[in-house]
Amino acid sequence: MDAWLFLAWFTESDQFHACRARLSCDETRPARAGCVPCDMLEANCYTGSADECDQDKEVASVRREILRLDARDNVLIALRDFRKGEQVHVSDQFCTLASDVPAKHKFAVQDLSPGAEIVMYGVLVGRARESIRKGEILNSRNTSHEAAEFRQDWREYPWTAPDVSRWLNRTFSGFHRADGQTGTRNYWLVVPLVFCENRNILALKQAFEEELGFAAPSRYRQQVAEMARLYGEGRSDEIKTYSPGSLGTAAPRRRPLFDNVDGIKFLIHEGGCGGTHDDSRNLCGLLAGYIHHPNVAGATVLSLGCQHAQVDILRDEISRRNPAFAKPLFVFEQQKSASEFDMLSSAVRATFSGLIEVNDRARQPAAIGKLCIGLKCGGSDGFSGLSANPALGRTSDLVAALGGRTILSEFPELCGVEQELIHRCADQETAERFIQLMRDYAARAKAVRAGFEMNPSPGNVRDGLITDAMKSAGAAKKGGSSPVAAVLDYPEYSVKPGLNLQCTPGNDVECVTAQVGAGANVVLFTTGLGTPTGNPVCPVVKISSNSSLPKRMPDVIDIDCGGIISGEKTVDEMGEEILDYVVRVASGEVRTKAELLRQDDFIPWKRGVSL
């Protein structure tokens with residue numbers, strides 16, 4: 001479907017040059033002489049004025065200033081900070097800004113009366129609470145959430161897959177499992193069935209990590225020790241000016257004993273009892289997904305014995321995911337043990353024996369179609385839906401075309417784009433399931449006097465994402481344009497190649513936890529504000545929407561998509577670069593920043609109430 005993309009360009013001498021570019025999703029057009037690649041949102045698009053580009057302009061000296069995403073939009077996006085009174089040229093008209101408009105924020109291009117629809121990405125994203133003047137910034141005072149209704153209107157969805165010839169013979173180096181899955185890491189997992197066992201899990205963690213060389217560097221422990229020494233020597237005043245750099249070189253890490261084991265991961269949680277039976281079943285389903293996960297070679301499970309989340313339920317959920325499950329699995333129940341010491345000693349002995357067994361696994365070449373990619377955004381800003389999210393959409397389409405799986409979650413952040421996703425569903429049954437899950441989720445939120453409109457965080461709003469529908473329209477770009485192969489309820493496991501929609505919250509950790517529980521062996525996580533979220537068994541790649549974030553948080557960000565905003569990169573180019581990076585991560589050649597930070601976040605989604 002054709003759309004129009006409007007760009008305003010400014011030269012270094014501050015003279016503007018307005019270009020109008022035609023966007024076509026279905027055809028590739030060669031660039032006109034003197035025209036600049038249009039890097040926003042769609043591939044193979046080129047800017048040219050309605051009459052022809054001015055040949056005497058220095059194309060290299062121009063930079064984007066404002067953006068309209070669709071001809072139907074009545075708001076524009078500022079790509080730099082604007083001051084009140086500045087003029088911009090849009091659609092052969094001047095627009096004088098009625099207020100300051102920071103970069104990433106939106107402003108009206110026509111007068112809007114109270115109740116008027118606000119349209120962005122070509123879809124309804126809000127309503128005017130009060131009169132909004134032409135050139136005035138949109139904010140939470142003058143704009144309210146509003147999203148379009150959706151209905152069952154499934155139809156055949158034609159899709160032209162991207163050219164993947166350069167990846168057809170490309171492989172990554174992974175761990176092949178007996179069930180046909182391929183892992184990007186090789187972990188042993190230790191999990192509790194109930195929160196009562198968390199302390200025992202931590203006791204095992206300390207023993208194994210410190211003795212086998214998997215423990216994180218003790219930088220902060222060394223700092224505390226140094227301050228304790230200063231205090232003991234009566235030099236307390238020096239603590240106020242103490243610098244960690246004065247500590248000297250940290251003690252070298254012990255080499256891991258098991259060369260082919262990436263680590264032992266210990267999960268803790270607050271569930272397993274005191275909730276509904278559905279909560280217990282869902283927790284067991286999630287843990288079963290982790291035990292079945294291709295990045296997990298084997299597992300040790302601690303159970304108290306009397307909790308709702310029974311061992312039999314866990315085994316049943318594992319069998320649902322793999323009836324021929326054959327990984328080493330050791331279960332210990334405290335109420336059947338002579339003592340806590342006896343139980344943990346038995347767990348230590350069995351786990352160590354299991355590590356010896358899985359250390360025989362080695363990486364081998366695997367097709368890219370063996371990848372399952374989680375698609376996530378968090379700490380989003382006003383550029384996320386313009387750069388990083390569309391780039392992930394390109395990556396998702398490439399993986400789908402290569403026979404792999406991708407998972408798009410966060411149902412509260414699909415609010416307003418449901419109809420498009422319904423049209424993309426592979427069949428009517430898939431569409432109906434998506435509709436039912438979305439409506440059930442909205443009803444549960446309403447039952448506790450909440451709603452999807454409450455999803456945007458203060459950080460989102462400060463950076464230009466005023467309504468949930470506005471945020472959702474950009475978040476959905478992570479799913480690209482491929483057909484929806486399947487719709488998953490939490491905590492189901494993904495099996496169908498292609499794009500999978502998964503019902504989860506928008507909460508960063510709950511969502512990533514669920515995606516990995518559904519089989520994601522790499523997670524791609526976009527952010528504009530910065531978040532350190534990671535996962536215990538799956539590498540999480542952090543992708544920034546802007547170029548200032550990697551400079552501010554270099555220890556968190558892996559990939560910078562800010563070049564799309566500046567015009568240095570196209571969405572297609574970034575999407576392909578991301579896939580190249582994923583192959584390196586999946587092969588173990590690169591450890592993500594979240595892995596290096598030991599960001600092992602794990603929070604199960606609890607749908608029910610506490611009882």
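In what follows, residues are counted from 1 in the order of the sequence shown.
- A distance-only check finds a donor-acceptor pair linking the side chain of Q181 to the backbone of H292 [under 3.5 Å].
- Under the 3.5 Å distance criterion, with hydrogens and angles disregarded, no donor-acceptor pair is assigned to the side chains of D601 and T533.
- A donor-acceptor contact shorter than 3.5 Å is absent between the side chain of Y581 and the backbone of V590.
- Once rounded to the nearest 0.5 Å, the distance linking CD of Q310 with NE2 of H277 reads 10.5 Å.
- More than 12 heavy-atom neighbours from other residues, nucleotides or ligands sit within 6.0 angstrom of CD on E340.
- Taking the side chain as every heavy atom from C-beta outward, P192 and N200 never approach each other to under 4.5 Å.
- For N198 against H269, the heavy-atom pair with the smallest separation is ND2-O, 2.7 Å.
- Atoms SG and NZ, on C538 and K265 in that order, are 11.5 Å from each other to the nearest 0.5 Å.
- Expressed to the nearest 0.5 Å, how far CG of L304 lies from SG of C196 amounts to 5.0 Å.
- At least one donor-acceptor pair under 3.5 Å links the side chain of T513 to the backbone N or O of I603.
- Side-chain contact between L193 and V301 is present, with heavy atoms from C-beta onward closer than 4.5 Å.
- Formation of a donor-acceptor pair under 3.5 Å by the S339 side chain with backbone atoms of D342 is found in this model.
- E317 places no side-chain N or O within donor-acceptor distance of the main-chain N or O of L286, the cut-off being under 3.5 Å.
- Between L408 and L499 the shortest side-chain heavy-atom distance falls below 4.5 Å.
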Residue pair S409, Q515: steps toward the side-chain hydrogen bond (donor to acceptor under 3.5 Å, both in side chains) verdict: CA-CA 8 Å; S409 309; Q515 289 182 332; 3.1 Å; yes

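- Judged purely by atom type and a 3.5 angstrom limit, S544 has no side-chain atom pairing as donor or acceptor with the backbone of L549.
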Test log, rule side chain to side chain contact (heavy atoms under 4.5 Å, CB included), inputs I578 and I559: CA-CA 8 Å; I578 291 169; I559 299 175; 4.1 Å; yes

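- Salt bridge status for D262 with R591: present, with a side-chain N to carboxylate O gap under 4.0 Å.
- Shown here for V261 and F214, the closest heavy-atom pair between the two residues is O-CE2, 3.6 Å.
- None of F434, Y490, F452, W605 except one satisfies the ring-ring contact (aromatic ring centres under 6.0 Å, His included) rule with F411; the exception is F434.
- Judged by distance alone, with hydrogens and angles left aside, the side-chain atoms of Q307 form a donor-acceptor pair with the main-chain N or O of A309 at under 3.5 Å.
- The environment of CZ in R444 is crowded: more than 12 heavy-atom neighbours from other residues, nucleotides or ligands sit within 6.0 Å.
- Within the 4.5 Å cutoff, no side-chain heavy atoms of K477 are placed close to those of L386.
- The main-chain N or O of V399 is never found under 3.5 Å from a side-chain atom of R405 such that the two would form a donor-acceptor pair.
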K478 and E410: CA distance, side-chain angles, deciding distance, salt bridge (charged side-chain N to carboxylate O under 4.0 Å, His left out) verdict: CA-CA 11 Å; K478 302 191 300 294; E410 305 178 275; 3.5 Å; yes

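- Judged by distance alone, with hydrogens and angles left aside, the side-chain atoms of E595 form a donor-acceptor pair with the main-chain N or O of T592 at under 3.5 Å.
- Here F330 and W188 bring their ring centres to under 6.0 angstrom of each other.
- Side-chain atoms of S396 and T406 include a donor-acceptor pair closer than 3.5 Å.
- S144 OG to E146 CD: the interatomic distance, rounded to the nearest 0.5 Å, is 6.5 Å.
- The main-chain N or O of C511 is never found under 3.5 Å from a side-chain atom of T504 such that the two would form a donor-acceptor pair.
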Check against side chain to side chain contact (heavy atoms under 4.5 Å, CB included), L529 and D463: CA-CA 8 Å; L529 304 176; D463 260 47; 3.4 Å; yes

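- With D381 as the fixed residue, the side chain to side chain donor-acceptor pair (under 3.5 Å) test singles out one of N546, N460, T527, T526: N546.
- For the pair K542 and F525, the cation-pi criterion (under 6.0 Å, within 45° of the ring axis) is fulfilled.
- Counting non-hydrogen atoms of neighbouring residues, nucleotides and ligands closer than 6.0 angstrom, the CZ atom of R281 exceeds 12 such neighbours.
- Side-chain contact check for N500 and Y493: no donor-acceptor pair (N or O, by modelled atom type) lies under 3.5 Å.
- Shown here is R584, whose CZ atom has no more than 12 heavy atoms of other residues, nucleotides or ligands within 6.0 Å.
- A heavy-atom distance below 4.5 Å is not found between the side chains of S319 and F325.
- Of the N and O atoms on the side chains of T184 and N521, not one donor lies less than 3.5 Å from an acceptor on the other residue.
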Pair E432-R439, salt bridge (charged side-chain N to carboxylate O under 4.0 Å, His left out): steps then yes or no: CA-CA 11 Å; E432 288 174 351; R439 288 180 172 161; over 6 Å; no

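- Judged purely by distance below 3.5 Å, without hydrogens or angles, the side chains of E333 and S303 pair a donor atom with an acceptor atom.
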N186 vs R177, side-chain hydrogen bond (donor to acceptor under 3.5 Å, both in side chains): CA-CA, chis, key distance, verdict: CA-CA 10 Å; N186 193 38; R177 306 301 181 191; 2.8 Å; yes

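- Both tests do not hold together for R185 against Y187: distance to the six-membered ring centre under 6.0 Å, angle to the ring axis within 45°.
- The two atoms that bring L465 and M470 nearest to each other are CA-SD, 4.2 Å, heavy atoms only.
- A 4.5 Å side-chain heavy-atom check between L314 and D312 finds every atom pair outside the cut-off.
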Trace of the side chain to side chain contact (heavy atoms under 4.5 Å, CB included) decision for V582 with E577: CA-CA 9 Å; V582 166; E577 285 185 24; over 6 Å; no

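- Between D508 and C377, the closest heavy-atom pair is OD1-O, 3.9 Å.
- The environment of CD in Q206 is sparse: at most 12 heavy-atom neighbours from other residues, nucleotides or ligands sit within 6.0 Å.
- Looking at V190 and I201, their side chains come closer than 4.5 Å, going by heavy atoms from C-beta outward.
- How far CD of Q334 is from SG of C306: 10.0 Å, rounded to the nearest 0.5 Å.
- In this structure the side chain of L524 never reaches within 4.5 angstrom of the side chain of K376, judged on heavy atoms.
- Annotation for L267 and Y290: closest pair CD1-CD2, 4.2 Å, computed over non-hydrogen atoms.
- With salt bridges taken as basic N to acidic carboxylate O contacts below 4.0 Å, none links D278 and R607.
- Between Q502 and A518 the shortest heavy-atom distance is NE2-CB, 3.5 Å.
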V331 vs L302, side chain to side chain contact (heavy atoms under 4.5 Å, CB included): CA-CA, chis, key distance, verdict: CA-CA 6 Å; V331 179; L302 300 189; over 6 Å; no

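- With rounding to the nearest 0.5 Å, the separation of CG in L355 from CZ in F208 is 6.0 Å.
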